[in-house]
Amino acid sequence: KDLFATFVSDKLQAAIPRHLRSSDNTWFGFSKRSRIIAVSKDLNDQDQITRFENLADERWRGRICSRPGSHVYNRALTSSIIAANGESAAKAWAQGLVANFARSPRGNDRAQIKAIFSGECSITIVNHYYYGKLFNSSSSEERQWAKSVNIIIPNQAKNDRGAHINISGGGIAKHSKNRDEAENFLEFLISEEAQKLYASVNYEYPVISDIELPATLKAWGKFKEDNLPIEKLADSYLEAQMIIDQVGW
């Protein structure tokens, strides 16, 4: 919507990988979120789930819970599948996914893990940091939800594209009256202090690779990320939403 000002910053360009920022220097990714698969610890044959594409397999009929597909997390995931496999294959995947739902889409990511704990379903898709928040919650009930699932980081085979990545990010409003302060703030967000906060407070992955991770993220180890430019997710935004509407997600 042409709301951001251009900000050419040597610091941001040097620190933030090209695929996590805009090509026109109007916005920048400051942390990474991975869409992952959570499965019940009691689910049989869970080793057969290694890719997002596997969730359309009819063996999982009546086993999957999901938040609505039109939410930006799932729309971006669908866009990534369009980019990887083409629009027709993405629609077939979404149809198979919806056919496997245990209930109509509802709730947020936390609610999906709770639904597995409650026995309503056995498989769901969540952003990784929600699991981190539940696992480390001050609520014993929420910690129990987290303990009921195993986490699968999908699409990790040698010849596969890697886990779907999205970002939290920022830019400067085109008509900002505090331009100098805004520029300083954006550059602060790639400092070691700020990057550690993203990791330790919200369990997001820093965009700076040598930042020490909290134990929850360390336990998952390193994994392959999809390096699809974030801008490409927007290229198929309308097609992704159309698929979501057509299949009733």
Side-chain angles (χ1 to χ4, degrees), residues 19-20 29 31-39 49-57 60 63-113 115-116 121-133 149-157 160-169 202-205 207 220 223-249:
H19 66 286
L20 300 177
S31 70
K32 297 180 292 187
R33 292 112 172 260
S34 181
R35 209 94 179 108
I36 59 175
I37 300 169
V39 301
I49 301 175
T50 61
R51 313 179 74 227
F52 280 118
E53 286 83 347
N54 296 147
L55 298 182
D57 191 316
W60 310 122
R63 308 305 294 271
I64 297 176
C65 287
S66 174
R67 72 188 301 161
S70 57
H71 189 278
V72 64
Y73 298 156
N74 288 332
R75 191 169 56 233
L77 173 62
T78 305
S79 291
S80 77
I81 292 177
I82 292 173
N85 303 324
E87 192 171 337
S88 295
K91 183 176 180 180
W93 171 78
Q95 286 175 323
L97 178 74
V98 170
N100 289 339
F101 282 171
R103 63 179 191 180
S104 59
R106 67 188 75 164
N108 56 24
D109 279 13
R110 289 181 178 88
Q112 310 314 313
I113 294 179
I116 291 179
C121 56
S122 303
I123 307 166
T124 192
I125 304 171
V126 296
N127 271 9
H128 82 273
Y129 62 90
Y130 286 109
Y131 174 81
K133 285 175 168 289
V149 301
N150 290 325
I151 294 301
I152 297 170
I153 301 176
N155 300 86
Q156 292 298 292
D160 212 335
R161 63 186 180 276
H164 167 60
I165 296 294
N166 217 317
I167 60 166
S168 63
N202 211 42
Y203 304 100
E204 297 183 67
Y205 283 97
V207 293
W220 292 0
F223 59 92
K224 181 164 63 171
E225 302 173 3
D226 187 351
N227 288 327
L228 178 73
I230 297 297
E231 285 183 320
K232 292 293 185 183
L233 296 177
D235 288 346
S236 54
Y237 173 96
L238 293 178
E239 291 82 358
Q241 186 61 58
M242 189 177 299
I243 287 172
I244 288 163
D245 291 342
Q246 289 172 342
V247 304
W249 186 356

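Note that these values count all heavy atoms, side chains included, but never hydrogens, waters or copies made by symmetry.
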Nearest heavy-atom contact between G29 and I167 is CA-CD1, 3.7 Å
Is there side-chain contact between N108 and Y130, with at least one heavy-atom pair below 4.5 Å?
-> no
Check: F52 and S80 side chains under 4.5 Å, non-hydrogen atoms | no
Using salt bridge (Lys or Arg N to Asp or Glu O under 4.0 Å) as the criterion, point out the one residue from R161, R35, K32, R33 that pairs with E225.
-> K32
[X] side-chain N/O to [Y] backbone N/O, donor-acceptor pair under 3.5 Å:
X	Y	value
R75	S70	yes
Q112	R106	yes
H19	D226	no
T124	C65	yes

Is the number of heavy atoms from other residues, nucleotides or ligands under 6.0 Å of Y237 OH greater than 12?
-> no
Taking atom types as modelled, find out whether N127 and E204 have a side-chain donor-acceptor pair closer than 3.5 angstrom.
-> no
Polar contact flag, side-chain donor to acceptor under 3.5 angstrom, D160-Q156 | no
Side chain to side chain donor-acceptor pair (under 3.5 Å) pairs touching residues 88-99, sequence neighbours excluded, are K91-Q246
Once you round to the nearest 0.5 Å, how far does CG of N166 lie from OG of S79?
-> 9.5 Å
